[in-house]
Amino acid sequence: MDSFLSEFEEASKTELRWLRELYQYVEDTLCTVTVHNAGYSAAQLALAVVRRVQRAVGTKPAMLPLGYRLVSVLELVTRQHTFCCSHLIWTTTEHREWTKESEGVLSNYKALSPAYLLLIGFLTDEPGVTCDGTWKVVDGSGSVTCEILNPSPEWHGQLMLFPSWNYIPQHASGQGQEPKGYLEMSASPLPLVPSPRAFDPGGSLSKLMGTKEAAKVMRLRERQRGIRLHVFGQVCTVGPLLEIGEKSFFCLCLKEEDSRVPVLVMDPGCLYWRQCVHVAALVCVSALRVCRLREWLGHKVLCATPESRVQILKEPPATLLTWEEVLGSKTGSERRQRKKTETDTQTESQTQAETDTQTETDTQTEMDTHTDMQTVTALPQTFPVAKTKISKIITYKGVVSKVLNTEAGLYEIDGKVGLCLAYQPLLRGGHSLRPGAEIELHDVHFLYRPSPHTPPTMLCACLRSSIRVIAFSRLETEVTSCRPRDSAALCLLLERNLGLSQYLWLCHCLSALRERLCPRWVREGRLRAVAGRLLSCVVPSGQEGGRPREIYREMLEEPHCCPLSEYSVDSPSCELLSVRDLRSWMEAECWESLSLQSLLPLSAPYMTRAELNPLLAWSVHVLSAGSRPKPKVLVGVLQVSGRGPCIRLEDKTGAMDCVIVEKREGHSYCAAYDTAWLDCLVCIQRYALVMERFLKTDFPAWTHLDQERYITHRHSRLYIQLCLDDVTVLSPSAAMAKFRSVSEREKSGEGEKQGGEAAPRPNADGPGGSWEGTQGSERSGHIRQEREGGEGARLGQSAERSHEQATEGPALSAQTGNGSKPSLNRAARRTRQGEERTATHSKRARKDDKEDDLKSKTQTVEDKHESSGSGESEAHRPPLIDPASSLTSGRLKVTAAVPCVSVVFRAESKEGLAFRNVQVSEGDPGLSLCFGVSAVLLGEVQRWRQDPKNCPLEQRETTKGGAPNDRVELQFVGDCVRWYPLLQLGSVYRMVAPHTEDPGVLIGCSVPVQSGARLHGAPTIVVQPRWHLHTLPLPQGNGPGVEQKVMSVSEVLCSSTASSLVTFEGVICKRIPLLEEKGKATVQSELKEKGVDVEQTLNIRLTVQDRMSPGQSMQVYIDLSQRPYTPGLIPGATVLFQTFQRKVSQIRCVYCRSVPISCVTVTALGQAGSTESGTPPPIMHLGEWALNGAQYGSLARVRAHVACVLFLQLRWVCSLCTSVFKKDACTRNYPPCTSTTGVFQAAAKAVVEDGTAEAQVWFSSQSVSHLLALSATEWEGLQRLVRVRGHLRVYHRGRSVVSDGDSEDPLLQYLSYLCVCAAVCRSVTLTCQLQLRAQSSAAQRHENTQLKRLTRGDREFITKIPAPLQLQCTELREWENSM
């Protein structure tokens, strides 16, 4: 140190202290690096540092930068946790201006804060440690990665002073990992000692040849052994650094005029060249050899050798050698070869020119190569007509304004241009591409509107593109790096060969799934598998839009061809909506599509206020998801709620009610009954959007419908309708995985025959999200087959083996205890089979893991009910999962066996979900939501060591020896009502009570009776919240069928022996809300306080028609004001009405009314947008219709002749009180009516006959004008005349037509004539409605016939004529127009 300090004799004490610290730093951190210091002593290195610093700051030799402190690499990485920058040569004023300028680029970020630190170290790529060509700063304490703007190959291995640099810290990504960071060298480093190496130590520059001559050498057919070429050229292409098969390499191309030469760099010692060369640079590369590539047949490349060197030149060398001079060839054969080569070169040049011309013609797009990007972003915002477009290769320079998705390689440039770097691997995860960095892009693909999820203008880099940072960001912007193997988007891109449009849609899906499902239902590590299955649903295999990639052709071949050359626009053309977004869209669509005129019939202009407003009180708008221009795809978890009658589709944004049906064997449908669907993560593509609208209106008449002030209240109910056959399982529940595992075993022949000694094997996997995929297992009619991995099957087998050991040894009967014990040989054989299956699945697991490149060594289980982020009020509800699975330290842990008991039953009847005064054991007395189920027990209570879930029904669970089946009443109260939507008539269920071995908990309690009394009621079981229900396949030939007979509408109408309570099925053809009932508001407010969705004072009337005979219809009245609202009761739906009261009105019309225990279940969905049948009613003869009545249908077409008009009434009535409205005022005096709105009404009664009988037909207002054969103008004029008089009536008295008014009135005389004129008494076709009545027997109908005397000429006939039918005309057509 003394010799070093002697050089600074005039230094002050402060300077000497700084010099001592510098010397100590050099001795501790630089001299210890023996690889690069070239034998320099500490004093020499310290003196070199001082001289270089003084020259850098430009001060006198005696002055030193005392404000700066030397820092080692280790200290910088471990102690510097904030962004900072250091500029040795800057003053405070310069830094202040630099900060102001930096923050003006992006106002949302703050400029880097200054740090007065000096950094010295060796620049190297450490080829012995890493082979990725990364430059690093190394000293004796450690190393740190660095980014350099324009590095020179001569800097490699030299000791440098870094005058200007930025430090970007990166926090540790995992526990126990050291923090990381990297440097950005914003200025060129300064060498402290001369370079130990030279570019041309052996005189290679004297043998330098141009690119054109090198291309001639490569075209020689004879192999030139041992020849090393030294080539000069201009860089035209620089490819990314690739790592394939544990080998790293990159390619660059040199050009001279029209000649191009590819250079392949694979030597580890030369990979750092990738940071040195850039497009348009003049370089010299030495010691290159000519090679052939096995993957690129018919082409040669120049390969770098360990002796190769690269040098960046500012101008071309003065002289270049020809290829003959380089090879030293003077023979005549080689001269002939030279001529042949030149001829081939000319031919290739001509061919290349033709190809380039053709390529430019074929790849012409909406933008020219040199189009300004500002002009590009101003293109019209409409999608092109063509589905497939061709991209254009351009060069672009801009500033990174936003990092859209680091994991997916998506950025934003200049606030308006998107950048996708997914198709080429980013060096170090794109560290330097921070917001504020200026970049230069060469050979990137320009695409316009490839996806709606990105900016309209997109630039995409392929393997031929070059991305270069020309100015680092000056802002404090976070860095989130991600390895390609850890990126779900990049892995799926490579696995599926996705096109750009599909890849951008996938990135949007990953972000959406992460936001809506993680971590409550799906782990972050499972997101890739879920997204892959979702992509398979939306984009079938073979339609991904991309093409297999050939890296050498993509990087080097002309004309250029890669997956980005062609791209599709907005593919897949669907929208992934969250539940919240779907509800918002449906709410807006619900009211935008509302048209009050379309909700009313043709008779609306003749309706009063009391008739008009009820028709507007309820309406429905149904849309099919596939009918939209962009179908809306839904992803969520199927759940049940303890407060409603529906299954719900949930994600983190909300929940949506669902009306779900399943397909039976054949073509019929039934309500959903399988509990295995609960907790499944599903994708729904085919469904119907249902929007029920409720309005409170007070319109005086039809003419006021355009005035919204008469709408006093509005609200809507939104839900979706779907069939489980159209649902795709993305991640199954434990029960569904169990079912798939059993199905897989049965299909492969590995399943064991279920006997009395066989134990169930429940899956230990958790709910949706923890299943890795099951190979080839599918539920018939429920689950769409997916191409999935085998980890789920392995988990299922593992869980089965664990449960097999935990099952009760002998299959004990809970009441008799006479089970048979399995033999030891059979148990040992089962154990050996289990071990063989374990080995088989272990091999399969290792193979799958290798193919999927899965690095995790453990499998975690998600439990949505144990997630800390749940935060819902339903967290207390017991989870529907396997008790044997638990979330422990992120690993799958099978805990101690949880004992349980179970019983199997079949549902016979079900009560409706309603509020009853039931006392809950843990709750306060009052109204509770509950329902009951009458069931038949198929067997006795069984003990288990684990929850058997939905494993196949065993023989020991069913009744043996022909013993009678026991009946029981199941009561579901409180949270147990969540099972309501899945309990259906005739289905078989296993009810499991966990954490107990007492069979008495599943034995019903009977009411005690005295001696001599007889109890007719069945024992009752109150279901507990922690009990589980699992749907089982219906056992063949076991027990009787459903006791409660399901009738048809025709049977309810015509059966005289029907009981007062009936169960029937029919199709809804009309729904009308009834008038509000008073006195229920207090009760409903109490129900709403309990969190139950109840529609206030809602009573509806449904017109239900027979499924097989649409002409048979009946009115059904339902009170929905005291029970949770039941969705799905819309026209076109098939509904099962259970336990409804059959009644007959005073006019002998049959109708049904709900009672407190009535249950309504939707069993089939109506077609979206179609609420009425398109089949016309049948043609009927009046005589036949009169004798058979409603048995032949209540609606028919009749071709008859109008004999006469018996009655005609025309009047104007007050819209409010229906009194006579005369001269624009109501005529009611007491109490006075101030209404100023009148409505015209008309009614007529005519006699028609068709030769078989006659009928009396009533015509309402809209059909009277057709009966009287009046035109629209005549009908309006008639209304004006009647408005002055207020009321007119014309009717038959004997053979004459009379009226109530003045007989001399011309209007009355005209109407009297009109009723008997030939224009009215004509042949017509009528569509008529028959009054529904309780039908009498055939004998009684014949007794009601009348004797009538008929005269024909001189003869008289007496015949029996049936009593005239009373019909209501709904449509009138002229005879010639109705054929």
Side-chain angles (χ1 to χ4, degrees), residues 152-154 195 197-238 250-267 269-270 273 276-293 299-350 352 556 558:
S152 173
E154 300 177 359
S195 175
R197 69 171 72 182
F199 170 73
D200 191 27
S204 59
L205 287 178
S206 59
K207 298 182 179 180
L208 198 63
M209 62 188 309
T211 303
K212 184 181 296 186
E213 297 297 321
K216 296 177 181 179
V217 176
M218 296 175 64
R219 284 193 292 269
L220 294 176
R221 297 182 178 178
E222 298 179 0
R223 186 173 182 179
Q224 305 296 327
R225 297 182 179 273
I227 300 298
R228 297 294 182 264
L229 304 181
H230 313 289
V231 182
F232 163 79
Q234 185 181 23
V235 179
C236 61
T237 300
V238 180
F250 75 94
C251 294
L252 60 94
C253 287
L254 304 179
K255 73 172 183 178
E256 181 184 0
E257 297 178 357
D258 296 334
S259 299
R260 297 167 58 95
V261 172
V263 179
L264 178 64
V265 181
M266 299 183 63
D267 187 81
C270 301
W273 294 2
C276 300
V277 297
H278 56 85
V279 176
L282 301 177
V283 299
C284 297
V285 188
S286 63
L288 298 174
R289 61 188 181 93
V290 182
C291 301
R292 295 180 183 270
L293 292 179
H299 297 80
K300 297 179 182 179
V301 297
L302 297 178
C303 291
T305 61
E307 297 81 16
S308 298
R309 299 290 181 269
V310 65
Q311 184 178 11
I312 311 298
L313 303 180
K314 295 183 180 180
E315 56 183 17
T319 58
L320 295 174
L321 300 179
T322 62
W323 68 274
E324 298 98 333
E325 295 173 346
V326 172
L327 300 181
S329 57
K330 300 295 182 180
T331 61
S333 62
E334 291 180 350
R335 293 192 186 95
R336 289 191 299 271
Q337 182 66 32
R338 175 187 175 185
K339 293 181 180 180
K340 180 176 180 58
T341 302
E342 292 177 351
T343 304
D344 294 342
T345 302
Q346 295 176 0
T347 304
E348 283 191 11
S349 300
Q350 296 176 359
Q352 182 68 23
L556 305 174
E558 290 290 342

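Remember, it's a predicted structure, so these values are computed and weren't measured experimentally. Numbers here simply count residues along the sequence, with the first being 1.
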query: Is the shortest heavy-atom distance from the side chain of C251 to the side chain of P262 under 4.5 Å?
result: no
- request: Compare all side-chain heavy atoms of M218 with those of S259 and state whether any distance is below 4.5 angstrom.
  value: no
query: Do you know the tightest heavy-atom contact between C236 and K255?
result: CB-CD, 3.6 Å
task: Side-chain contact test, heavy atoms from C-beta onward, threshold under 4.5 Å: evaluate it for V285 versus V265 and give yes or no.
output: no
- request: Return the minimal non-hydrogen interatomic distance between P153 and C276, and the atom names on each side.
  value: N-SG, 3.8 Å
task: Using atom types as modelled and distance alone, determine if a side-chain donor or acceptor of K216 lies under 3.5 Å from a backbone N or O of T322.
output: no
message: Testing the basics here: between C253 and L556, what is the closest heavy-atom pair and its distance to 0.1 Å?
response: SG-CD2, 3.6 Å
message: I'd like to know if the side chain of S308 reaches the main chain of S286, judged simply by a donor and an acceptor atom lying under 3.5 Å from each other, with no hydrogens or angles considered.
response: yes
- prompt: How would you list, by chain and number, every residue that makes a salt bridge (Lys or Arg N to Asp or Glu O under 4.0 Å) with R228, sequence neighbours excluded?
  reply: none
- request: State, with a plain yes or no, whether a side-chain heavy atom of M209 is found less than 4.5 Å away from one of L229.
  value: yes
Test applied, side chain to side chain contact (heavy atoms under 4.5 Å, CB included); reference residue, V277; option that passes from V263, L254, V283: V283
message: For V235 versus H278, what's the shortest heavy-atom pair and its separation?
response: CB-O, 3.4 Å
message: Tell me if a side-chain donor or acceptor on K212 pairs with a main-chain N or O of E256 at a distance below 3.5 Å.
response: no
Nearest heavy atoms of D267 and A304, plus distance in Å: CB-O, 4.4 Å
- request: Quick one: pull up OG1 in T211 and CZ in R260 and give me the separation to the nearest 0.5 Å.
  value: 10.5 Å
query: Does A287 offer a backbone N or O that forms a donor-acceptor pair with the side chain of H230 under 3.5 Å?
result: yes
task: List for me each residue that meets side-chain contact (heavy atoms from CB on, under 4.5 Å) alongside P317, sequence neighbours excluded, and say none if there are none.
output: L208, F232, L313, L320
